[in-house]
Amino acid sequence: MKTFIASLVFALLSISLLAQSPVTLKLNLEKGRVYKVKSTSKQAIQQTANGQQYAIDVLSNTVFSFRVLKQENDVMDISFKLDTIASKISSPMFSRETNSTKPGTEPLEKIMNKMSTYNIVAKISTAGKFLQFVNLGKYTDSILFVLDSVPASKRDDARKQAIALLKESAIKSMIEPIFSYLPEKPVNIGDTWETSYFNVSATLSILLLNTHKLEGIENNLARVSGTSEAESMPSTDPAAKMTQELKGTSTFDSTIDLITGLSIRNKSKSHFEGVTKMMNGTTEMVMPMKIDGDTETVISK
Amino acid sequence: MIRKLLVVLMCLTALSANARQVITGSLTDKETQKPVENASVELVLLPDSSTVELANSSSEGLFILYKADTTRTYCLRVKHLVYKTLVMPLAKKKSSINNVGTITLEPNTFNLKEIVVNGSKVTVTELGDRTVYGIPDGFKKSSSDGLDVLRKVPAVQVDYLNEDITVNGKTNIRIEVDGVTRDKGYLKRLHPTQISKMEIITSPSGKYDADVDAVINVITNPAMRYGLKGSAYAGYFPFSTRSQMGMMNGSLDYGFEKISYYISANGILQDIGINSTMKRVAGTTNINQHSDIGMKVGMGNVNVGLIYDPDELNDINLNIAYNNMSNRSEVDAWNYNLTNNIRSIFRNQNNSNNKNDGLNTSLFYKHKFKKDTQHGLEAELKYYNSLNNNTTNNFRNVYYNPLDTSEVSSGPWLEELTNTRVRTLSGQTNYTLPFDSVYFFNTGISGNYNHYRTDNTSPLTQAADMDYRDLRLGGYAELSRNFKKGSIKAGSRFETSHITINSAESGNYFSPLPYANATWKLNDNHNFKVAYSRRVIRPSSAQLNPFVSVVDSQTISRGNINLKPAYRDNFQFTYNLKLGIKKVTLNISPQLFYEYKTGLIQNIISRNSQTGVFENVPTNISNGYETGSALSVNSQIGKVLFNSNFRYMFYHIDKYLDQINATNRQSWNWNSFVMFPLPHDFQFMSVFNFSGPVLDGQTETKSSPFYMLGGGKQFKGNHTLRLFFFNPFLGKFFDSKSTIRNNTVYQQSDYYLKSNLSFMLMYAYSFKLGKTIEKEKHNVEQQLQDNIIKMPISL
C-alpha cells in the first residue's frame with residue numbers, strides 16, 4: 001500500500017512537472033511539402049473629406065503557397081508563391097476589383113499577375129525570423145519584363161508602380177508576418193512574449209508591436225491570444241503626393257501547431273485612426289479616417 | 001514604512017517608463033544618393049558600448065532594429081566595406097518608433113585594385129581652403145599628447161623649447177578642436193588616440209579674424225568621448241650641466257552620454273644658460289660684447305571645461321583656461337669698446353623679472369537646424385582678463401680700466417617697471433545655409449574689444465604710459481558651390497576698427513578682405529587647388545608701446561604708437577598627387593605661392609643724431625613680396641612613415657628711405673619626420689628642421705638646424721618610455737645669428753645654448769578605468785581595425 005501511494009504521488013508530481021515544463025515553439029517544416037496560407041480580410045474605412053464622410057469597404061483574399069527547399073542548421077530556404085492576391089474595393093464613388101490570377105489589362109493588374117507566376121525564395125530561421133531574400137533581383141527582373149507589354153505612354157507610371165510594389169520591404173512584409181509570432185525562448189502557459197515587424201505598402205509603413213500570451217495547450221495545439229499596437233512611420237519622401245498617418249490596436253487569437261510550429265489559424269480584429277494627407281500643388285488636404293478590420297488567416301498542408 | 005512605499009512606487013515608475021522601441025532609418029550614398037545595401041547596422045548601448053542588435057540594410061537601404069528600450073541611450077554604428085564607418089548617437093525618444101531618417105554614408109573613394117595594392121593608412125585630402133591629414137596609428141603611438149601629434153604634420157612646426165607653433169613660417173595661428181577655438185594647453189590635454197584628423201587651413205576664410213595667418217583644426221574621434229580617461233607624462237631634458245628643462249602634463253576627463261567634463265594641467269620649467277656675442281661697427285665705434293645670460297622660466301596652463309551635447313542638433317562647450325608664464329633672467333654682459341682709438345671696458349648687469357598670467361573664458365554654441373544638412377548656426381563668446389602682468393628690470397653699468405681690468409666706477413642699480421592690464425572681449429556668430437545640395441552660403445559677424453593699459457616707470461627716460469583701446473567689428477559673406485569634380489568658393493570679410501591710444505583717436509580703418517579658392521579633382525590621384533586671400537597684419541601691443549627700454553649702453557628700443565596695419569595678398573597654387581605602388585603610398589603636394597605685402601612692419605635701427613644712441617623701432621616700411629615654391633611629402637613606405645615639407649622663398653623689399661635699400665633675399669626651410677616600428681614594441685623616430693636666413697627689416701637671422709633622433713618603447717598597461725637625443729653632433733643648441741646692415745651700423749650677434757649632450761627622457765602613462773572604459777577601449781581598437789580594413793581612405 002505504501003509503495004502504491006508513493007508511486008501515485010510520484011506519478012502525480014511527474015505529471016504536474018511535465019505540465020509545467022516550458023514548450024519550445026519552433027518551425028519544423030517538412031522539406032518539399034506545400035503549405036497554403038489563406039487570408040481573408042474585411043476592412044470598413046470611414047474617411048472624411050471636405051466635411052463629408054465616405055464609407056469604403058475593402059475585401060481582400062490572399063493565397064500563398066510555400067515549401068521548404070532546403071534546411072541547414074536552423075535556417076531554411078523557403079520558396080513562396082503568391083498564388084492569389086485579390087481585392088474588392090466598394091465605395092459610393094467607385095468600385096474596383098483586382099485579381100492576380102487574371103492576366104488583366106491595366107499595368108497594375110499585369111504586374112500583380114506576374115507576381116503570382118514566379119517564386120521568390122527567402123531564408124527563414126526556425127525561430128520564424130526573416131533573414132534575407134535569395135533571388136529578389138531575379139524575381140523582380142522577371143516581373144518587370146511585363147512592362148514591355150505596357151504602352152509606352154503608360155510605361156513610366158507603370159514602372160513607378162511596379163517598383164513600389166516590388167521593393168524589398170514590400171515583398172518582405174507579405175512574407176514576414178506568416179512566421180513572425182514565435183517566441184525566442186521556451187514558454188510556459190501564461191507566459192507572454194513580444195514580436196514586431198513592419199508592414200510596408202507603396203505609400204504606408206506600419207510598425208506592429210505584438211504581445212502574445214500562451215493561453216493553453218491541448219492536443220498538440222497551443223492557444224495563443226494577444227494584442228498588437230500599430231503605428232505608421234512618418235514618410236521620408238519629401239516628394240510624396242499622398243501620405244498616411246495611422247495608429248491603432250488589434251486583438252487576435254491564434255492556434256499554433258506544436259509539431260510544425262505553424263500558426264494554423266489566426267483571427268484578429270483591429271481598429272485604426274489617422275489621416276490621409278494629399279498634396280495638391282502647394283496646398284495640403286488632410287482627411288481623417290477610421291478603419292475597422294477583421295482578418296482570418298489559415299495555414300493548411 | 002513610508003520609505004518602503006516610496007521605493008516600491010519608484011520601482012513601479014521605473015517599470016512603467018521602460019518600453020520597447022523600434023529604431024529604423026535608411027542609408028544612402030552621399031555622392032550618388034542611392035540606397036546602400038548590406039551595410040551592417042549595430043545598435044550599441046551606451047555607455048558600455050555593448051552590441052544589442054545587428055541588422056543589415058535592405059536593397060532600399062532600410063534597416064530596422066527591434067530591441068531598443070525607450071529608457072536607454074544608444075548609438076548606431078554603421079559599417080560597410082566601401083564606406084567610412086559611421087558612429088552616430090541616437091536622440092532619446094519616448095515613442096515606440098524612433099525613425100532616424102536618412103543617414104548618408106561617405107564612400108571611401110577607392111577601387112578594388114587599390115585595396116589590393118595599397119596597405120597604407122596615410123591619407124592627405126586637399127579641400128578648397130585646407131589640407132586634411134589623417135593621423136595614422138604610428139603617429140599616435142609615438143606621441144605624448146595632441147601637440148606632439150601636431151609636430152608630425154607637414155607644414156607645421158612646434159618649437160621644442162617654447163612650444164611656439166608656426167605654419168609655413170607664420171606665427172599667428174588659430175587652434176581649433178572640432179571647430180571650437182582652443183589653446184595649446186587644450187591640445188596638450190588630448191590623448192593622441194583621440195585625434196582622428198588634422199586640418200591645416202593656410203588660406204583662412206572670412207570666418208576667421210583677418211590677422212589669423214593659418215588655422216589648425218583637430219578632428220577628434222567621437223567614440224573616445226565616453227568613460228573615464230586620463231593621461232600623464234613627465235619629461236626631463238638636459239642640454240648641458242648649465243641648462244635643463246622639465247615638463248609635465250596631466251589630464252582627466254569623464255564623458256557621460258550627453259556631457260563630458262575635463263580638467264588638465266601642464267607645466268614647463270627651464271633653467272637655461274645662454275651665451276651671447278655681439279660685434280657692432282658704427283662709424284669710428286667698435287663694440288665687442290660677450291654676455292652670459294641665466295634664465296629661469298616657468299610656464300603653466302590649466303584647462304577646465306565641459307562639452308554638452310543634449311542632442312544631435314545642439315552642442316555647447318564651456319572652457320576656462322588659466323595661463324601663467326614667469327621668467328627671471330640675469331644678464332652679465334661685458335662690453336669692449338673702441339671709439340676713436342680709445343679703448344674702454346664696461347660691464348652691464350641686468351636682472352629682469354617678468355610675470356604674466358590670465359584667465360580666458362569661452363563659451364561656444366552650435367545648432368544644426370536639420371541633422372542631415374549643414375544648415376546651422378554657431379556662436380562663440382570669449383573673455384580674457386590678465387591677472388598679473390608685470391616686468392621689473394634692474395640694471396647697472398660697471399666701468400673697468402682697459403689696461404688691467406680693475407674696476408674704475410660703477411653706476412647705481414636702476415629699476416624699470418612695466419605693468420600691463422589686458423582685457424579682451426570677443427564674440428562671433430556664423431550661419432551656414434545649404435541649398436540645392438550643391439550651393440552653400442555662409443555669413444557671420446564678429447566683434448572684438450581689446451583694452452591694454454600699460455604703466456611704465458623708468459629712472460632714465462620719461463616713461464610714457466599707454467592706454468590702447470581697439471574696437472573691431474567684422475562680418476563676412478561667402479558662397480560656395482560643389483561640383484562633381486571639385487568646388488569653388490568666393491567671399492569677402494569686412495572689418496572696421498576704431499583705435500584709441502592714450503585718449504587720442506589713432507585711426508579708423510575699414511578693410512575689405514576678399515578671398516576665393518577652388519579645387520579641381522582630375523581623378524582620385526590628381527587634385528589641383530588655387531587660393532587667394534587678403535589678410536591684415538596688425539601691430540602688436542608690444543610694437544605699439546612707446547616705452548623706451550634700454551637694450552645696452554648704446555641701444556634703446558621702443559614701440560611705435562603710429563604703426564598702421566599692414567596687408568598681405570596671398571596666392572597659392574597646389575597640386576596633389578597620390579601614388580600607391582605595392583606597399584608604398586605617397587602623397588606629394590608641390591605648391592607655388594606669391595604674397596604681396598603692403599606697409600610691412602619691421603624693426604629699423606637708426607642712430608639718433610642728437611644723443612648718438614641707436615634706436616630700435618618697429619616701423620611701417622615700404623612694400624615687398626615673398627614668392628617661392630614648396631614641396632610637401634606625406635608617405636608610408638612599408639612600415640616607415642615619412643613626412644617632409646621643403647619650402648623655398650624669394651623675398652623682395654622695396655627701398656625704404658635711406659634705411660633699407662631695395663633688397664632681394666633667398667631663404668628656405670625643410671622639416672621632416674621619420675618613424676618606423678622596431679621589434680618588441682620599440683619605435684624609432686627622427687625629426688629634422690633646417691631653416692635658411694629670415695629677413696626682418698634690416699635684420700637677417702640665421703638659425704641653427706635642429707635634429708633629433710631616438711625611440712620609445714610601449715610597455716604593457718599603457719606605460720611608454722621615450723629617449724631622444726637632440727643635435728648630438730653640435731656644441732650649440734638653438735643657435736641664432738643676426739646681422740644688421742645699414743648705412744650707419746653693422747652689427748652681428750649670436751645667441752646660443754651650450755650643449756654637451758642633449759637628450760630627452762620621457763615617461764608617459766594613460767589609463768582608462770572601470771568596466772565602461774574597458775569596453776570603450778575595445779571600441780577604439782575596433783575602430784582602428786576598421787581603418788585597417790578600409791585602407792587606403794581617399795577622403
Asks: For A:E184, is the CD atom crowded, meaning more than 12 foreign heavy atoms sit under 6.0 Å from it?
Replies: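 No.
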
Asks: Hey, what do you get for CD1 (B:I64) to OG (A:S169), rounding to the nearest 0.5 Å?
Replies: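 Going from the CD1 atom of B:I64 to the OG atom of A:S169 covers 7.5 Å.
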
Asks: Name the region of A:Y197, side chain, backbone, both or neither, that has any atom closer than 4.5 Å to a heavy atom of chain B.
Replies: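 Both backbone and side chain of A:Y197 come within 4.5 Å of chain B.
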
Asks: At a 4.5 Å cut-off on heavy atoms, which part of A:Q132 comes close to chain B: side chain, backbone, both, or neither?
Replies: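 For A:Q132, neither part sits under 4.5 Å from chain B.
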
Asks: Is a donor on one side and an acceptor on the other found under 3.5 Å between the side chain of A:E168 and the backbone of B:S58?
Replies: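 Not confirmed, A:E168 side chain does not pair with B:S58 backbone.
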
Asks: Measuring from B:K67:NZ to A:S196:OG, what's the distance to the nearest 0.5 Å?
Replies: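 Nearest 0.5 Å value for the NZ-OG distance: 9.5 Å.
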
Asks: NZ of A:K81: more than 12 outside heavy atoms within 6.0 angstrom?
Replies: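 Yes, the 6.0 Å shell around NZ holds more than 12 heavy atoms from other groups.
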
Asks: How about A:Q71: does its CD atom have over 12 heavy atoms from other parts shown lying under 6.0 Å from it?
Replies: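 More than 12 heavy atoms, drawn from other residues, nucleotides or ligands, come within 6.0 Å of this atom.
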
Asks: Report, as yes or no, whether the 6.0 Å neighbourhood of atom CG on A:D148 holds more than 12 heavy atoms from other residues, nucleotides or ligands.
Replies: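 Yes, enclosed.
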
Asks: Using non-hydrogen atoms only, which part of A:T140 is less than 4.5 Å away from chain B: side chain, backbone, both, or neither?
Replies: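 Neither part.
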
Asks: Are more than 12 heavy atoms, taken from residues, nucleotides or ligands other than A:D156, located less than 6.0 Å from that residue's CG atom?
Replies: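 Counting other residues, nucleotides and ligands, CG of A:D156 stays at 12 neighbours or fewer.
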
Asks: Determine, for A:K172 against B:E60, whether the closest basic-nitrogen to carboxylate-oxygen distance falls under 4.0 angstrom.
Replies: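 No, this pair does not count.
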
Asks: Mind checking the CG-CG spacing from A:L131 to B:N56? Nearest 0.5 Å is all I need.
Replies: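 If I round to the nearest 0.5 Å, the distance is 10.0 Å.
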
Asks: Taking atom NZ as the centre, does B:K366 end up with more than 12 heavy-atom neighbours from other residues, nucleotides or ligands that are less than 6.0 angstrom away?
Replies: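 Atom NZ in B:K366 is not crowded, with 12 or fewer foreign heavy atoms closer than 6.0 Å.
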
Asks: Hey, are the side chains of B:V22 and A:F198 touching, using non-hydrogen atoms and a 4.5 Å cut-off?
Replies: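 SC-SC contact between B:V22 and A:F198 confirmed.
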
